[in-house]
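Here the structure is laid out as structure tokens; the discussion comes afterwards.
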Amino acid sequence: MSASSLGYNEQGGEAATEQGQEATPTTAPSVPAAFGLFSSDTKKNEDLKQMLESNKDSAKLDAMKRIVGMIAKGKNASELFPAVVKNVASKNIEIKKLVYVYLMRYAEEQQDLALLSISTFQRALKDPNQLIRASALRVLSSIRVPIIVPIMMLAIKEASADLSPYVRKNAAHAIQKLYSLDPEQKEMLIEVIEKLLKDKSTLVAGSVVMAFEEVCPDRIDLIHKNYRKLCNLLVDVEEWGQVVIIHMLTRYARTQFVSPWKEDGVLEEDNEKDFYESDEEQKEKDQKVKKPYAMDPDHRLLIRNTKPLLQSRNAAVVMAVAQLYWHLAPKSEAGIVSKSLVRLLRSNREVQYIVLQNIATMSIQRKGMFEPYLKSFYVRSTDPTMIKTSKLEILTNLANEANISTLLREFQTYVKSQDKQFAAATIQAIGRCATNISEVTDTCLNGLVCLLSNRDEIVVAESVVVIKKLLQTQPAHHGEIIKHMAKLLDTITVPVARASILWLIGEYCERVPKIAPDVLRKMAKSFTNEDDLVKLQILNLGAKLYLTNSKQTKLLTQYILNLGKYDQSYDIRDRTRFIRQLIVPNEKSGALSKYAKKIFLAQKPAPLLESPFKDRDRFQLGTLSHTLNTKAIGYLELSNWPEVAPDPSVRNVEVIELGKEWSVALGKAKKEKPTEKFYSDSEEEESASTTDTESESTSESEKEKNGKEEGSSMENSESSSEELSDSESESKEGSAKKKFKTTEESDSDDTEKKTKMISKKRESSGSSDSESSSTEESSSDSESESDSESDAESRKHKNAIASKVSSPIFVPMKTHELLHRMSGKGLAAHYHFSRQPCIYGNQMVSVQVTLTNTTDQKLENIHVGERKLPAGMKMHVFNPIEFLEPEESITVSMGIDFCDSTQTASFQLCTKEDHFNVNIQPPVGELLLPVTMSEKDFKTEQGMLTGMNETSTTITVAPQNSTRLVLLEKVVKAANLGVVPSGQDNIHRFSAKTVHSGSLMLVTVELKEGSTAQLIINTEKTVIGSILLRELKPVLSQG
Amino acid sequence: MIHSLFLINCSGDIFLEKHWKSVVSQSVCDYFFEAQEKAADVENVPPVISTPHHYLISIYREKIFFVSVIQTEVPPLFVIEFLHRVADTFQDYFGECSETAIKDNVVIVYELLEEMLDNGFPLATESNILKELIKPPTILRSVVNSITGSSNMGETLPTGQLSNIPWRRAVVKYTNNEAYFDVIEEIDAIIDKSGSTVFAEIQGVIDSCIKLSGMPDLSLSFMNPRLLDDVSFHPCIRFKRWESERVLSFIPPDGNFRLISYRVSSQNLVAIPVYVKHIISFKENSSSGRFDVTIGPKQNMGKTVEGVIVTVHMPKAVLNMNLTSTQGSYTFDPVLKVLTWDIGKITPQKLPNLKGIVNLQSGAPKPEENPSLNVQFKIQQLAISGLKVNRLDMFGEKYKPFKGVKYITKAGKFQVRT
């Protein structure tokens, strides 16, 4: 452990082995300095085993720490497995965690022993602490023992329905682990994925999409229904999840929407057309004249909702958005990403490298995007070479007539760089500019020729190669340069350059008739010492001269061919044989030799100097494959745009019914599956048909919320509140209205936001009340507007946290009959309580009424007629319904202020012809709104509500109700209560407020021995309290 | 996604390995070593390397290579960004991200890595969440732990993990409530031989140190927000509010963090606060050269330019330098061929000058290019772009916080070509 112990080792290595057996027992396990005594691994491990078996936690912890140290260094600690695995159930959380670390590392190797630990995890999966449940699942799924696949499957299924989103997130991770362990579970896992995709927690979204990408990326159909939700949640998902989701949505959008590029494609340069538009698309473009392109609103939604993420601090997110815009956005809009990408160039070297590569690919196709940022790509002498070359690549791509002179000046500096590799690359770049921009070809060529006298060989060689390519484009007037280069052969040694010069001379030997044979003569002399590359060119030159000037060179060529015949390289021997047969006429050579001249001296097309990034656009930007320019394992192809968009209605979510929305939102109290079951029989046409038009506004308002702009939305909406007559505070009402719209329209939502909203509501009602509900919600004086707003907001945050932490429980909603179809002459009406703060007034209970037309005729003008309400009660009715088609149903919402009593609200439900008297009587449980608070707050509040305010009773609890989950569910089902996290297993606490007055309602269920329980209710509203008590009694005692 | 992680020091020892899936043998790093050898310079090791069965994505930080092993397609920036986040976390926990710090705290490092990734996918990367799960090591705590037997591990899920403001801890209490903002601007510039500006740009950041109790909701407004051309935000900032009102509204994380980074629009001309006069020449066929550099202030808005350091990467052929400086001290590293001239404060009355003779290797050809000068400087109490914080308001809490804003301008990548 320390220097001293090391020293000990050196001296006593052997001694230690001998005395090991005796020494072990005497060594105090808690003295770390003694470890050094045992130099050999086995002895050391003996010692560790001892420590692990001791009954002191500190010794165990020390041992585990050392074992982890061994693992970290890559040393083998597998033989300690039995000793370590015993501690898996340790009470000490740190030991436990370290044992987990060990298990994950070695369980795969020691499968049998690993099984010993399984039961511990299974137990931990049921732990009330979500962190423990989650980590148990993590380890269980990470130990990679095939035998436990069924157990894992079961655990995943259970965890995916867990109440804690954190556990569900871990379940999503476990899916991938199980899939890699046993791909045969795929079908079952897809089911879990499908379920988790519906999850509305931002925490889960990223992980489940990751699992989707890994397990079933081709099941695009699973995304349809969740598409809009994912788009809307995106801003609030954690950054890593954002990257994954954006990549997945990019792929999705490419299969579902038509290309937005056609319209402006006409205006684009031709080369872009080549890349992106196939023939059919061309055809379609022609058709398009008749039918103008309109972007699918969902397509727009994605593009709009990703835009704010360009401002992310995470480079991966920015890049993901950039590639999304590149692949999906209309070309005119893609420009906005360049600014953000250029920003990333300030980041560290690795990020720069990847970003520059992507910019390079982009800049080939759409120069315009990065032209304004040309100077940002200027090279600094301190940049690493790989950054320099990428920048150079981009500069070259961006070169055009307007900026080429500035660029060439810049390049001049680069050519002189001490970094020769970079200087060589610059020369290549100059060559490319010269071929691409004809105005500067001559200037560049002159510049390059000057470089031929450079001292550095690499520079010269590179210049030669580039000049060679340039000359090929216009060989007519460059005899001088060729001569100059011929002279270089004496000095230059770089093979590529020599080969290039020889090739040039051979190719244009007729232009330099005097020099060429002389060069050949020199080369013949040095043939044996040349590089293979050069030898081949010498043979080439010889052959060409033989054909054009055989008088002078015949012998020379034959000499060279003889040398080549016995060369070591088979390539050269081959080439020699081939050339000899071709050019030297003999009896065997057939018809071909007649064409030798044509073959050798054919007009060759000038080479195209292209960017090495030219073909990279076949890969999706920002991917590993793009960086490597080869297809990486697991790369998912980006499909071409479909010609005709698939049915967009698949993305409509069936039930956009208020009830469901609200209920899911409420304090996160419900899971969706049962909710859906409940509603599945009342799917509504109305919502489906309207979503298309709505989605624009949905995202609008969604974004507003995402921006967490409570304050501004409040101000904005002040004007929109005229229609609401019975509002007390206009601005509040207005914001509520706005909120309502948002929720109603969006098919997906983040529950937290809702909670916030709820708490806001409560807050506002609370402020009118004298009593403050909890410490966090301590009274606020709302004098200055801004102050109170932000107050409310911060409080909302608190509440959001709190409500998240408390375990939410699903509540199936019970419907009550309002009007039977027989008595309603075919008009049937049901109602249920949505358990949401009412949007029409703070003191109202929100009621959802579903009207169904069971006749075969249209029912017209359905409205609420005369109302008979007890004193003080208020009612906000729904807007008249113009007509209801046969077999159709519609859900409307009403607000009723019951004044915290269970009195009946009677009113008339009218159609054009008839009117029916109906009643709504609220169960006491529906007169409440859940409040989230901590256990501590609960106790303080409870302490203040004793004496008269407390009612209690002892009840017998049915045995099946005694488990926590069942009990919570039962209670919350019966009354709209919020669950308070409880430290004790046998005490369950619930809290709520009455809707009208905002009085606190605290419910405690204390399970006692012998299936009895104490039920206590503390509230100022003793009447309601006692009714509630009465109602809860049977709930718990019956099965 | 991320399969394994290897930490490798400069001498090529793998001193830590961590696997999130099946174990990948250390031998995979051989491909990395190969690439490293080829690159010669650490800076030039390619961040992405392809091997027959794996892909290696690496970053280089504080003399340590973080080499991650990837098996399937993944956005490379995702991994790079994550690795940097890991390094940041080490820095945050141990005060430095060095080999010794990591080795000394190997257990905490391991626990951190375990929490940060699950099956290769990031799980918790927010520093305040991690700190609730695994407490950073302090001497006091280790003493207390050894006595009381309590552990460094949090036993409950940090509240931040589930909230929609994961960056803030739930219960924060300070006796002195303070909020400090440092507006730091850096000038990136390339100045050519003749002294004219080839390229100049201002990049700025606002680093904050917020020690406020409870759940404060802050809004920060600028006198001239239009200056900010491109901005990237800490996740706490409400984007919408910025879009509509150009106000930074946020519930801050606790402690030190970077609030925004921005670029000042390139339309604005950048004032260059210093000028450099230089004569550097190498004589043909002789083994010496001349070096004469003077630096002076310009356009510095009446503020002093301080902390001036000039570094020059001399050509390979330079053996050593005999110079005299009128101010500050200089050193020349004959191995790396780096000349560093630490000047300090510039006083306009007497401009600092460094001149003398450069000795070249005899026989070596005259270096073709003059080296470029990298200049560092600092100007206190000035944001060169003219950006000014207008006001900071706090909502949501009752107390009066102490607020402070500091401006500073620095040289970023400031290079003078000669």
Side-chain angles (χ1 to χ4, degrees), chain A residues 57 65 68-69 72 74 92-94 97 101 130-131 138 166 173 176-177 210 236 240 243 308 311 313-316 319 339 343 346 350-351 353-354 375 378 380-381 384-386 416 418 455 622-625 627-628 632-635 707-709 752 787 790-791 793-794 797-798 800-801 804, chain B residues 16-17 22 26 43-44 46-48 50 55 59 72-78 80-81 106-107 110-111 114 118-119 121-122 149 151-153 155-157 159 161-165 170 190 199 203 215 217 230-234 238-241 263 315 365 368-369 372 374 395-396 413 415 417:
Chain A
D57 270 1
K65 282 186 173 171
V68 167
N92 183 316
I93 195 149
E94 193 164 14
K97 281 246 164 164
V101 168
Q130 50 183 343
L131 184 63
R138 270 175 73 188
Y166 182 72
H173 289 173
Q176 307 162 50
K177 299 182 209 168
M210 187 65 225
D236 291 323
W240 311 108
V243 178
Q311 251 69 46
R313 62 173 170 171
N314 188 319
M319 188 65 232
K339 199 192 271 183
R343 183 186 70 227
R346 281 279 295 181
E350 297 87 5
V351 174
Y353 173 72
I354 306 285
K375 289 189 170 177
Y378 278 10
R380 291 186 169 74
S381 61
T385 310
M386 59 180 186
K416 282 188 257 164
Q418 293 173 37
R455 256 196 215 91
T623 58
L624 185 62
S625 305
T627 300
L628 295 169
I633 304 158
Y635 173 74
K708 295 173 189 125
E709 288 290 310
E752 287 166 41
D787 215 332
S790 70
D791 246 11
E793 190 169 296
S794 75
H797 280 300
K798 276 189 193 168
I801 299 168
K804 280 249 162 194
Chain B
L16 188 116
E17 61 175 71
S22 300
Q26 283 198 355
E43 291 268 275
N44 274 321
V48 183
S50 174
Y55 306 99
I59 64 159
T72 54
E73 171 66 51
V74 58
L77 274 183
F78 184 100
I80 289 170
E81 190 74 29
V106 73
V107 174
Y110 235 70
E111 286 165 352
E114 193 65 54
D118 179 21
N119 195 35
F121 191 80
S151 79
N152 279 331
M153 314 287 274
E155 301 202 13
T156 51
L157 189 67
T159 47
Q161 180 71 277
L162 289 177
S163 83
N164 52 348
I165 40 169
I190 300 176
F199 164 76
Q203 305 269 1
M215 274 286 167
D217 192 332
D230 180 42
V231 195
S232 85
F233 295 132
H234 189 276
R238 298 178 179 109
F239 180 71
K240 195 71 187 182
R241 191 87 190 277
R263 193 175 60 212
E368 267 181 69
E369 187 202 27
S372 38
N374 295 300
F395 309 104
K413 295 172 177 166
Q415 201 159 75
R417 292 176 178 166

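Order of the sequence lines fixes the chain letters, A, B, ..., with proteins taken first and strands second; residue numbering starts at 1 for each chain. Predicted model, so just to flag it, every value in this text is computed and none were measured.
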For this session: Show your working on side-chain contact (heavy atoms from CB on, under 4.5 Å) between B/Val74 and A/Thr623 and close with a plain yes or no.
Result: CA-CA 6 Å; B/Val74 58; A/Thr623 58; over 6 Å; no
Exercise. Where do A/Trp240 and B/Phe121 land on the ring pair (Phe, Tyr, Trp, His ring centres under 6.0 Å) test, with the steps shown first?
Worked result: CA-CA 8 Å; A/Trp240 311 108; B/Phe121 191 80; 8.2 Å; no
Problem set entry | Audit row: A/Arg346, B/Arg263, side-chain contact (heavy atoms from CB on, under 4.5 Å) steps and yes/no | CA-CA 10 Å; A/Arg346 281 279 295 181; B/Arg263 193 175 60 212; over 6 Å; no
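A side-chain donor-acceptor contact under 3.5 Å links A/His173 and B/Asp118.
With chain B as the partner, the residue from A/Gln176, A/Lys375, A/Arg380 showing the most heavy-atom pairs under 4.5 Å is A/Arg380.
Between B/Pro75 and A/Met319 there is no side-chain heavy-atom pair separated by less than 4.5 Å.
At a 4.5 Å heavy-atom cutoff, the contact between A/Val351 and chain B is made by backbone and side-chain atoms alike. Within the 4.5 angstrom heavy-atom criterion, only side-chain atoms of A/Thr627, from C-beta onward, approach chain B. The contact between A/Tyr635 and chain B is made by backbone and side chain atoms together, counting heavy-atom distances below 4.5 Å.
No donor-acceptor pair under 3.5 Å is formed between the side chain of B/Glu17 and the backbone N or O of A/Ala72. A donor-acceptor pair under 3.5 Å is formed between the side chain of B/Asn44 and the backbone N or O of A/Met386. For B/Glu73 (side chain) and A/Ser625 (main-chain N/O), a donor-acceptor pair under 3.5 Å exists by modelled atom type. A donor-acceptor contact shorter than 3.5 Å is absent between the side chain of B/Glu43 and the backbone of A/Pro384.
The minimum heavy-atom distance linking A/Glu94 with B/Glu111 is given by the pair OE2-OE2, 3.3 Å.
In this structure, A/Lys339 does not pair ionically with B/Asp230, as no charged nitrogen and carboxylate oxygen lie closer than 4.0 Å.
The distance from the CG atom of A/Asn314 to the OG atom of B/Ser232 is 10.0 Å, given to the nearest 0.5 Å.
Classified by interplanar angle (parallel below 30°, tilted 30° to 60°, perpendicular above 60°), the ring pair A/Tyr378/B/Phe199 is tilted.
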